[in-house]
Colleague: 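First the structure, then my questions, so here it is.
The chains referred to below are lettered A, B, ... by the order of the sequence lines, with proteins before strands, and numbering in each begins at 1. This one's a predicted model, so the numbers in the text were calculated from it and none came from an experiment.
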Protein chains: 2
Amino acid sequence: MNKNNICPLDYTMNLIGTKWKPLVLFHLLEGGLRSGVLQKKIPGISNKMFTQTVRDLEKDGLISRKVFPVVPPKVEYYLTDRGKSLKDILRSLDKWGYEDCQN
Amino acid sequence: MNKNNICPLDYTMNLIGTKWKPLVLFHLLEGGLRSGVLQKKIPGISNKMFTQTVRDLEKDGLISRKVFPVVPPKVEYYLTDRGKSLKDILRSLDKWGYEDCQN
DNA sequence: CAGGATCCAATAGGATACTG
DNA sequence: CAGTATCCTATTGGATCCTG
């Protein structure tokens, strides 16, 4: 927790509190996915934001990137243990949204 | 959940997934607070962003605003029932950040 | 297929001054 | 005290084109 964080909640939100990060993590909860497949699960994300998001998540150690040395290129993303530790939170956020928008 | 939301998780993040909203909600978990007191609990927030944030949260029905007809002005903010339903999630996010940044 | 590079528009956010 | 208004900068994000 660096000087820019004012409390643990803030620290967490700085890691996953953006438009796309939670969605990427959420879709990896069931297991690793190939890059293109993962991206297609997130309608509306641009190529640029997808790349930027997975790069950030990788830098923060929440996901891992596996490159297969084949042609054409094949890349898979999957959650690290640290990323997996967010599972309950991600499911809670999804569940809350589901229940809330019924009203 | 409008057409801009692609899933419940996205819906939730569009309500609270910003830099300041979770912090405002978190500090109101224990009860209503006077405007100035609430703002002081969030170091670094500018006057503009504080006002904008509580306006958004009020518009979305997560907090309520009570104005006391006195001089000088007195305003209190407190969670609505809908806002209170986020309690477990906010605490989880805070707890995760606390534990994660130990590593 | 994966993703880098570039350009541009939209939004977020800060600093300051001001008002009832 | 609480909040508005204004000006400005920084960041986010989309569209397009390009490469191994």
Colleague: Going from NZ on Lys95(B) to CG on Asp100(B), what distance comes out if it is rounded to the nearest 0.5 angstrom?
Modeller: 12.0 Å
Colleague: Between P on dG13(C) and NZ on Lys21(B), what's the gap in Å once rounded to a whole number?
Modeller: 10 Å
Colleague: Measuring from atom CG of Leu23(B) to atom CG of Asp10(A), what distance do you get when rounded to the nearest 0.5 angstrom?
Modeller: 5.0 Å
Colleague: Within the 4.5 Å heavy-atom criterion, are Phe50(B) and Ser35(B) side-chain neighbours or not?
Modeller: yes
Colleague: If you look at every heavy atom in Met13(A) and Pro22(B), which pair is closest and at what distance?
Modeller: CE-CG, 3.6 Å
Colleague: For DNA chain C, determine which residues of residues 55-65 of chain A have any heavy atom closer than 4.0 angstrom to one of its atoms, and list them numerically.
Modeller: Arg55(A), Arg65(A)
Colleague: Is Lys21(B) close to Asp60(B) at the side-chain level, that is, under 4.5 Å between some pair of heavy atoms?
Modeller: yes
Colleague: Taking side chain to side chain contact (heavy atoms under 4.5 Å, CB included) as the definition, give me every residue that meets it alongside Asp88(A), ordered by chain and number, with sequence neighbours left out.
Modeller: none
Colleague: Could you tell me whether Ser35(B) contacts a base, only the sugar-phosphate backbone, or nothing, with contacts defined as non-hydrogen atoms closer than 4.0 Å?
Modeller: sugar-phosphate
Colleague: Do Leu33(B) and Lys41(B) have side chains that approach each other closer than 4.5 Å (heavy atoms only, starting at C-beta)?
Modeller: yes
Colleague: Are Tyr98(A) and Tyr11(B) joined in one hydrophobic group, where the rule is that I, L, V, M, F, W and Y side chains link up if heavy atoms are under 4.5 Å apart?
Modeller: no
Colleague: In whole angstrom, give the distance that lies between atom CZ of Phe50(B) and atom C1' of dC1(D).
Modeller: 12 Å
Colleague: Mind listing the N/O atom pairs, protein and nucleotides 9-11 of chain C, below 3.5 Å?
Modeller:
none

Colleague: Check whether Tyr78(B) and Leu38(B) end up in the same hydrophobic cluster, where Ile, Leu, Val, Met, Phe, Trp and Tyr are linked by side-chain heavy atoms less than 4.5 Å apart.
Modeller: no
Colleague: Go along nucleotides 13-20 of chain D 5' to 3' and tag each nucleotide: B for a protein heavy atom under 4.0 Å from its base, S when only backbone or sugar atoms are that close, - otherwise.
Modeller: BBB----B
Colleague: What is the distance, rounded to the nearest whole Å, between atom CD1 of Ile42(B) and atom C1' of dG14(C)?
Modeller: 16 Å
Colleague: Using whole Å, report how far NZ of Lys40(A) lies from C1' of dG3(C).
Modeller: 13 Å
Colleague: Under a 4.5 Å cut-off applied to non-hydrogen side-chain atoms, are Leu62(A) and Asp56(A) in contact?
Modeller: no
Colleague: Looking at DNA chain D, which of residues 23-34 of chain A put a heavy atom within less than 4.0 Å of it?
Modeller: none
Colleague: Give a yes or no on whether the backbone of Leu93(B) and the side-chain of Thr12(A) come within a donor-acceptor separation of less than 3.5 Å.
Modeller: yes
Colleague: Can you sort out the partners of Arg65(B) under side chain to side chain contact (heavy atoms under 4.5 Å, CB included), two or more places apart, ordered by chain and number?
Modeller: Arg55(B), Glu58(B), Val67(B), Val75(B), Tyr77(B)
Colleague: What contact category does Tyr77(B) fall into here, base, sugar-phosphate, or nothing, at under 4.0 angstrom with non-hydrogen atoms?
Modeller: sugar-phosphate
Colleague: If the threshold is 4.0 Å, N to carboxylate O, is there a salt bridge linking Arg91(A) and Glu30(A)?
Modeller: yes
